[in-house]
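Whatever order the structure lists ligands and atoms in, that order sets their numbers, starting from 1.
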Amino acid sequence: MQSTLRRSDNLTEIQREALATAASEAERTVQLLKDLLDLARADSGRMHFQFESLVLNDLVEEVAAMTRQYSDRPIQIESAREIICIKADINRLKQILLNLIDNAVKYSDNGHPIALKLDKQNNRGIIQVCDRGVGIPLSQQTRIFERFYRVDEARLRSGGTGLGLSIVKTLVEGMGGSISVRSQLSRGSTFTISFPLI
Ligand code: ATP
Ligand code: MG
């Protein structure tokens, strides 16, 4: 579908729109299947990680660059000067951060910056994804990590299935890390993930 869209110059505007919609729906379906497969694998204890030593300073830069490719939202990096190394699966860690950034963009207004902060504390490497968005009521801050749970479904028109954070949590914990959230309504949210340093 994408290549037909790119190569055909004899499509009408309506055909072009229909193809573009079909292509993006197909992409969404594939993503949903991947998410469900990840959760099914995790449930049966068949989640595999390819652990390697990672420099988090580089990874954070790379993820910010990836984000800039699909969104024009300002994304700031606040990184400690020292090198911070952990052992993790690089692709899974990117998936985790992209998911958290996707939420930060989705649940805050255009123009509001997203910050990626990197630090180390108590022998752990810490990454925070911070937004200045709608925030999450305290009573729901533990529930958002449940499968399919979405805060105030009616109010949030943005598409989504509510699987993102349950996968993020499964991946973080599967790699020996931990995740937490701090949030205030109308002020914003900060998701913190941490892993033991090597
Ligand atoms: P999906 O990630 O599957 O596309 P989703 O974003 O709705 O859908 P989750 O990422 O699991 O699902 O998030 C669950 C819910 O937690 C969201 O629907 C939203 O209500 C709330 N939430 C998550 N991140 C934020 C955030 N940064 N700010 C405000 N609310 C958030
Ligand atoms: Mg999400």
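Backbone and side-chain nitrogen or oxygen atoms of Val134 are examined, and none is located within less than 3.5 angstrom of a nitrogen or oxygen of ligand 1. Some N or O of Asp131 is nearer than 3.5 Å to an N or O of ligand 1, by distance alone. Looking at Gly160 next to ligand 1, no N or O pair under 3.5 Å apart turns up. The N/O atoms of Asp102, backbone and side chain alike, include none that comes under 3.5 Å of an N/O atom in ligand 1.
Every atom of ligand 1 is numbered from 1 in the order shown, and the set under 4.0 Å from a heavy atom of Val151 is 18 (O), 20 (O). Residue Gly135 approaches ligand 1 through these ligand atoms, each under 4.0 Å from one of its heavy atoms: 29 (C). The contact set between ligand 1 and Gly162, taken as ligand atoms under 4.0 Å from a residue heavy atom, comprises 1 (P), 3 (O), 5 (P), 7 (O), 8 (O), 11 (O), 12 (O).
Compare Tyr149, Tyr107, Phe191 by their heavy atoms: the one nearest to atom 19 (C) of ligand 1 is in Tyr107. When the heavy-atom distances from atom 13 (O) of ligand 1 to Val129, Leu165, Leu163, Leu100 are ranked, the shortest goes to Leu165.
Closest heavy-atom contact between Arg16 and Ser8: NH2-O, 2.8 Å. The two atoms that bring Leu197 and Lys120 nearest to each other are CD1-CD, 3.7 Å, heavy atoms only. Nearest heavy-atom pair, Ala64 versus Ile77, reported as atom, atom and distance to 0.1 Å: CB-CD1, 3.7 Å.
Coordination check, Asn99 versus the Mg ion (ligand 2): failed, since every N/O/S atom of the residue sits at 2.8 Å or beyond.
At least one heavy atom of Lys106 sits closer than 4.0 Å to an atom of ligand 1. Residue Gly133 places every heavy atom at 4.0 Å or more from ligand 1.
Look at Arg147 and Asp43 and you find a salt bridge, because one of the NZ, NE, NH1 or NH2 atoms lies within 4.0 Å of a carboxylate O, short of that distance.
At most 12 non-hydrogen atoms from other residues, nucleotides or ligands lie less than 6.0 angstrom from CZ of Arg182. By the neighbour-count criterion of 12 heavy atoms within 6.0 Å, atom CZ of Arg187 is sparsely surrounded, having that number or fewer from other residues, nucleotides or ligands. No more than 12 heavy atoms of other residues, nucleotides or ligands shown are found within 6.0 angstrom of CD1 on Ile14.
Annotation: the span from Arg124 atom CZ to Ile84 atom CD1 amounts to 13.0 Å, rounded to 0.5 Å.
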